[in-house]
Amino acid sequence: MAFSGAKVLIRTLNNLKSIPSRRYSSDFHIPDHLERVGFIGVGNMGFHMANNLIKAGYQLTIHDKNLNATKHFSDNGIPTKETPFEVGETSDVIVTMLPTSSNVLEVYTGQYGLLHGGNLLRPWLLIDASTIDPQTSRRVSTTISECFLREKRGNRDKPVMLDAPVSGGVLGAEAGNLTFMVGGLEEAYMEAESLFLSMGKHTIYCGRSGNGTAAKICNNLAMAVSMLGVSEAFTLGQSLGITASTLTKIFNSSSARCWSSDSYNPVPGVMEGVPSSRNYEGGFSSKLMAKDLKLAAESAEEVGLKCPLTSQARKIYMDLCDKDCHLKDFSCVFRHYYSGMDER
């Protein structure tokens with residue numbers, strides 16, 4: 001499953017189809033073919049996504065290698081299983097939210113994975129919300145397309161896979177404000193709309209299999225470079241005698257305005273409710289940002305594209321990880337790479 005190339009991605013991103021959030025009333029009806037959901041991977045993001053599905057009325061079955069992660073669900077009467085294969089045996093739909101490509105391969109094709117029983121599957125739809133490389137997404141999707149359903153669903157006799165990484169972070173997952181970038185069969189995407197909008201605010205159809213993960217890599221690349229630029233500018237401003245609060249007002253009312261300044265400010269003391277206000281705890285870790293930049297660099301190399309900012313951003317976040325900041329939010333680059341100061 002080779003990456004389709006920059007031109008295809010650009011064309012796809014120029015033709016995105018966006019569906020806004022839908023708020024469900026108490027009489028919202030979940031279609032039978034979406035009702036039983038197996039959720040695999042309930043870490044920082046998956047925990048809140050699974051909770052929101054439960055609140056919306058879906059019947060969930062949970063698996064995570066970390067038993068501490070599943071305890072909340074088992075304590076509240078939600079079934080948990082020891083292996084992905086067991087989750088698949090009780091589910092119509094599978095949602096996976098995993099840290100790396102190797103984790104995805106393990107869950108789908110590894111020992112006791114979803115395909116452990118062979119090429120006959122019960123779930124008709126498998127959704128991978130992980131941020132991984134497009135090549136792995138396409139490879140797993142091809143494997144799923146070669147399987148058959150144990151029981152025919154309407155006129156469908158084969159399962160379908162969608163890659164659907166998310167943007168919005170832990171806070172967005174908790175609030176149900178995520179944006180899903182979805183690649184795969186458009187018909188399946190439309191059928192799964194209600195499920196996506198029980199966890200998020202927007203869904204964006206990106207085209208063929210792997211395009212969702214490609215879009216997410218591009219999104220996180222832009223986010224990383226933006227955070228570095230804002231952090232560098234704030235640190236320079238402080239060194240020249242301008243307060244971060246003053247610069248924030250200037251940025252947010254002029255051409256420098258961006259998410260990293262007006263919604264996720266990296267300077268402690270400027271904005272409440274963001275990781276910089278709590279010693280960079282929670283949020284999106286520097287380790288995960290370094291991983292996503294590695295994916296972007298590898299994808300750029302695959303298509304023969306020079307991306308100097310990607311390379312530099314990756315080096316900076318790898319340096320942060322070497323400084324034991326790997327678990328801190330990626331906005332910690334302001335303090336721990338540029339040595340910026342708190343707002344006083």
Considering only heavy atoms from C-beta outward, does the side chain of [X] approach that of [Y] to under 4.5 Å?
X	Y	answer
Tyr264	Phe330	yes
Glu281	Asp329	no
Glu35	Tyr58	no
Leu115	Leu121	yes
Phe334	Ser276	no
Leu221	Val225	yes
Asp128	Ile94	no
Lys287	Met318	no

>> Using a strict threshold of under 4.0 Å (side-chain N to carboxylate O), is an ion pair present between Asp157 and Lys152?
In response: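 Salt bridge flag = no for Asp157 with Lys152.
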
> Between Asp163 and Lys216, is there a side-chain N and carboxylate O pair less than 4.0 Å apart?
Replying inline: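 So Asp163 does not pair with Lys216 through a salt bridge.
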
>> Would Leu125 and Ile127 count as a side-chain contact (heavy atoms from CB on, under 4.5 Å) here? Give the steps.
In response: CA-CA 7 Å; Leu125 178 61; Ile127 300 170; 3.8 Å; yes

>> If you apply the rule side-chain contact (heavy atoms from CB on, under 4.5 Å), what do you find for Val107 with Leu114, and how did you get there?
In response: CA-CA 6 Å; Val107 164; Leu114 292 164; 4.1 Å; yes

> Taking the six-membered ring for Trp, are Tyr205 and Tyr189 ring centroids under 6.0 Å apart?
Replying inline: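 Centroid separation for Tyr205 and Tyr189: below 6.0 Å.
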
>> I need the full list of side-chain hydrogen bond (donor to acceptor under 3.5 Å, both in side chains) pairs touching residues 306-318, with sequence neighbours left out, sorted by first then second residue.
In response: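 Every pair satisfying side-chain hydrogen bond (donor to acceptor under 3.5 Å, both in side chains) with a residue in residues 306-318: there are none.
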
> Applying side-chain hydrogen bond (donor to acceptor under 3.5 Å, both in side chains), which residue pairs with at least one partner in residues 41-55 are found, sequence neighbours left out?
Replying inline: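 Listed by first then second residue: Asn51-His72.
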
If two hydrophobic side chains count as joined below 4.5 Å and joins carry through other members, does [X] share a cluster with [Y]?
X	Y	result
Met227	Leu327	no
Val170	Phe39	yes
Ile54	Ile30	yes
Leu171	Met223	no
Val270	Ile242	yes

> Just checking, is any N or O donor in the side chain of Thr243 or Thr246 under 3.5 Å from an acceptor N or O on the other one?
Replying inline: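 Indeed, the side chains of Thr243 and Thr246 share at least one donor-acceptor pair under 3.5 Å.
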
> Does a donor on one side chain and an acceptor on the other come within less than 3.5 Å for Gln135 and Glu302?
Replying inline: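 Yes, Glu302 and Gln135 have a side-chain donor paired with an acceptor closer than 3.5 Å.
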
Could you grab the distance from atom [atom1] of [X] to atom [atom2] of [Y], nearest 0.5 Å is fine?
X	Y	atom1	atom2	value
Asn220	Leu293	CG	CG	8.0 Å
Leu34	Glu193	CG	CD	10.5 Å
Cys325	His336	SG	NE2	4.5 Å
Leu288	Met45	CG	CE	10.0 Å
Asp75	Thr70	CG	OG1	9.0 Å
Leu162	Met181	CG	CE	14.0 Å

> Could you go step by step and tell me if Tyr112 and Phe85 meet the ring-ring contact (aromatic ring centres under 6.0 Å, His included) rule?
Replying inline: CA-CA 5 Å; Tyr112 306 117; Phe85 176 72; 8.1 Å; no

Examine distances only and state if a side-chain atom of [X] and a backbone atom of [Y] form a donor-acceptor pair shorter than 3.5 Å.
X	Y	answer
Trp124	Val160	no
Ser130	Leu98	yes
His63	Lys81	yes
Glu343	Ser245	yes
Asp64	Val42	yes
Asn76	Ile78	no
Thr90	Val87	yes
Thr136	Ile132	no
Ser141	Ser137	no
Ser226	Ala222	no

>> Tell me whether Lys328 forms a cation-pi arrangement with Tyr280, defined as NZ or CZ under 6.0 Å from the six-membered ring centre and within 45 degrees of its axis.
In response: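 Cation-pi check for Lys328 and Tyr280: fails.
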
>> A quick test of your reading: do over 12 heavy atoms of other residues, nucleotides or ligands sit less than 6.0 Å from CZ of Arg257?
In response: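 Result for CZ/Arg257: open.
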
>> Using a 6.0 Å cut-off, check whether atom NZ of Lys323 has over 12 heavy atoms from anything other than its own residue.
In response: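 Yes, NZ of Lys323 has more than 12 neighbouring heavy atoms, counting only those of other groups under 6.0 Å.
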
> Would Met289 and Leu320 count as a side-chain contact (heavy atoms from CB on, under 4.5 Å) if you check the C-alpha gap in whole Å, the side-chain angles of each, and the deciding distance to 0.1 Å?
Replying inline: CA-CA 10 Å; Met289 181 56 83; Leu320 277 179; over 6 Å; no

> Could you walk me through whether Ser261 and Asn252 pass the side-chain hydrogen bond (donor to acceptor under 3.5 Å, both in side chains) check?
Replying inline: CA-CA 7 Å; Ser261 68; Asn252 293 347; 2.7 Å; yes

> Between Glu86 and Thr83, does a side-chain hydrogen bond (donor to acceptor under 3.5 Å, both in side chains) hold up when you go through it step by step?
Replying inline: CA-CA 5 Å; Glu86 292 176 281; Thr83 67; 3.1 Å; yes

>> Let's go through Glu191 and Arg156 carefully: what are the C-alpha distance in whole Å and the side-chain angles of both, what is the deciding distance for salt bridge (Lys or Arg N to Asp or Glu O under 4.0 Å) to 0.1 Å, and is it a yes or a no?
In response: CA-CA 13 Å; Glu191 288 189 60; Arg156 179 178 284 115; 3.0 Å; yes

>> Below 30° counts as parallel, above 60° as perpendicular, anything between as tilted: where do the rings of Phe234 and Phe251 land?
In response: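 Because their plane-to-plane angle lies in the 30° to 60° range, the rings of Phe234 and Phe251 count as tilted.
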
> Would Asn177 and Lys201 count as a side-chain contact (heavy atoms from CB on, under 4.5 Å) if you check the C-alpha gap in whole Å, the side-chain angles of each, and the deciding distance to 0.1 Å?
Replying inline: CA-CA 5 Å; Asn177 290 333; Lys201 187 176 182 181; 4.1 Å; yes

> Run the side-chain hydrogen bond (donor to acceptor under 3.5 Å, both in side chains) check on Asp133 and Ser101 step by step: do they pass?
Replying inline: CA-CA 7 Å; Asp133 61 283; Ser101 298; 2.6 Å; yes

>> Let's go through Glu272 and Ser277 carefully: what are the C-alpha distance in whole Å and the side-chain angles of both, what is the deciding distance for side-chain hydrogen bond (donor to acceptor under 3.5 Å, both in side chains) to 0.1 Å, and is it a yes or a no?
In response: CA-CA 6 Å; Glu272 296 182 359; Ser277 70; over 6 Å; no

>> Determine whether Glu82 and Lys65 satisfy the following criterion, salt bridge (Lys or Arg N to Asp or Glu O under 4.0 Å), listing intermediate values before the conclusion.
In response: CA-CA 8 Å; Glu82 293 185 3; Lys65 292 176 67 174; over 6 Å; no

